Amino acid sequence: MEIIRIDTLDHPGARIFATLTEAQLRNRLEPQQGIFIAESPKVIRVALDAGYEPVALLCEKKHIAGDAADIIGRCPDLTIYTGERDLLTALTGYKLTRGVLCAMRRPQLPSVAEVCGGARRLAVIDSVTDTTNIGAIFRSAAALGVDGVLLTPTSCDPLNRRAVRVSMGTVFKLPWTYLPSVGAYNLLRENGFKTVALALTDRSVAIDDAAMSAEPRLALVLGTEGDGLAAEAIADADYVARIPMSRGVDSLNVAAASAVAFWQLRTDKS
């Protein structure tokens, strides 16, 4: 274990925690070589339990023998960067949640077929770009019986620092990957799934429709925050569903709507 004290904002070893953008960390040209940042001891532990590989730790000095002690104990070869709270806040641009960040290697993502294999309920995230919504959708999916998550390439990265934190680490518990830009619905059908688009249209049926609930394999498609699903995505779906509303409200935030849909269309009704 190597402990390096940071006394200046331009310390080269802490660059991954401070000056690199999310896109640079992700390293789009070679994603398997990319890095992401996990924030808070609880989230870092979930990532370690799921087999994610740590690269370096950034934490307040007091947490080396405190909140981060068990993490450090599990990773004896880890490089630890430390400093005072105010310096670390200035370095990262935000107050650290319980004073701990961990840089981790991005995993090799599974194929769509691997995510579909054995699954009965999938979430399909189409062009959702808000990190908070992505994290909340993953948390609801993990809690409410969804077996995996598929995203369009235009959606936010689930390993974005804020998305990871909002998900409370559930992004590490569910298999997920990206769909191709073209032919996504056909690929789902080839893997035995019917699709249900959550949208308000003349075709929409109530979310508690018996035919949908009875489908053995169902993929729930969730659209972008502002405009919802594109017309072609709705047209390609096997079902279009709505959540009945009261008091003139026409829709819910995509994360809230996902939780309602996951619960209503879950396979385990016990």
Side-chain angles (χ1 to χ4, degrees), residues 1-110 131-132 134-135 138-139 142 149 156-177:
M1 180 179 64
E2 183 180 13
I3 299 176
I4 300 174
R5 180 176 177 81
I6 297 172
D7 294 310
T8 64
L9 295 179
D10 58 356
H11 191 287
R15 183 169 173 256
I16 55 176
F17 297 105
T19 60
L20 295 184
T21 65
E22 288 283 351
Q24 288 170 327
L25 287 170
R26 187 173 180 176
N27 192 353
R28 287 180 179 271
L29 292 178
E30 294 184 272
Q32 68 275 17
Q33 300 300 320
I35 299 293
F36 71 94
I37 305 298
E39 181 180 359
S40 88
K42 180 176 181 179
V43 170
I44 295 167
R45 291 184 194 109
V46 175
L48 291 175
D49 289 344
Y52 283 71
E53 180 187 351
V55 175
L57 200 72
L58 178 72
C59 68
E60 294 177 52
K61 182 179 179 181
K62 66 179 182 179
H63 290 310
I64 293 175
D67 285 345
D70 65 309
I71 295 169
I72 294 169
R74 294 175 63 173
C75 310
D77 298 327
L78 199 61
T79 299
I80 301 163
Y81 297 96
T82 189
E84 298 303 322
R85 182 179 181 85
D86 290 345
L87 179 69
L88 298 188
T89 298
L91 180 74
T92 60
Y94 50 89
K95 290 185 178 180
L96 305 189
T97 302
R98 295 185 66 187
V100 186
L101 295 179
C102 187
M104 295 185 143
R105 296 202 184 280
R106 299 182 69 90
Q108 183 70 42
L109 293 179
T131 55
T132 299
I134 290 287
F138 265 86
R139 189 173 182 180
V149 179
C156 171
D157 176 19
L159 295 181
N160 172 284
R161 178 186 62 84
R162 181 166 177 78
V164 169
R165 189 182 74 189
V166 172
S167 83
M168 292 302 294
T170 53
V171 67
F172 308 127
K173 294 185 174 184
L174 283 175
W176 63 271
T177 196

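Bear in mind the structure is a predicted one, so any value in this text is a computation, not a measurement.
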Would you say that Glu39 contacts Val164 through its side chain, given a criterion of any heavy-atom pair below 4.5 Å between the two side chains? no
Could you tell me whether Asp49 and Arg74 have a side-chain N and a carboxylate O separated by less than 4.0 Å? yes
Can you name the closest pair of heavy atoms from Ile44 and Leu101 and give their distance? CD1-C, 4.1 Å
Shortest non-hydrogen contact between Met104 and Ala38, atoms and distance: SD-CB, 4.3 Å
Minimal non-hydrogen separation, Val100 against Pro41, with atom names: CG2-CG, 3.9 Å
Quick check: closest heavy atoms across Ala103 and Ile35, and the distance to 0.1 Å? CB-CG2, 3.9 Å
Could you measure the distance from the CD atom of Glu53 to the CZ atom of Arg106? Nearest 0.5 Å is fine. 14.0 Å
Give me the atom names and distance for the closest heavy-atom approach of Leu48 to Tyr52. CD2-O, 3.8 Å
Please work out which of the three classes, parallel, tilted or perpendicular, describes the rings of Phe138 and Trp176, given edges at 30° and 60°. perpendicular
Drop me the distance from Ile3's CD1 to Thr82's OG1, to the nearest 0.5 angstrom. 7.5 Å
Spacing of Leu58 atom CG and Ile6 atom CD1 [to the nearest 0.5 Å]: 5.5 Å
Do the side chains of Ile80 and Glu2 get nearer than 4.5 Å, heavy atoms only? no
Could you grab the distance from atom SG of Cys59 to atom CD1 of Ile72, nearest 0.5 Å is fine? 5.0 Å
Over all heavy atoms of both residues, which pair between Pro110 and Thr177 is shortest? Give the atoms and the distance, please. O-OG1, 2.8 Å
Do the non-hydrogen side-chain atoms of Leu57 and Thr79 ever get within less than 4.5 Å of each other? no
When rounded to the nearest 0.5 Å, the distance separating CE of Met168 from NZ of Lys42 is 4.0 Å
How many angstroms lie between CZ in Arg165 and CG in Asn160, if you round to the nearest 0.5 Å? 10.0 Å
Would a distance-only check, ignoring hydrogens and angles, find a side-chain to backbone donor-acceptor pair under 3.5 Å from Thr131 to Ala163? no
Would Thr132 and Arg162 count as having a side-chain donor-acceptor pair, cut-off 3.5 Å? yes
Given side chain to side chain contact (heavy atoms under 4.5 Å, CB included), test Arg139 with Val166 step by step and report yes or no. CA-CA 8 Å; Arg139 189 173 182 180; Val166 172; over 6 Å; no
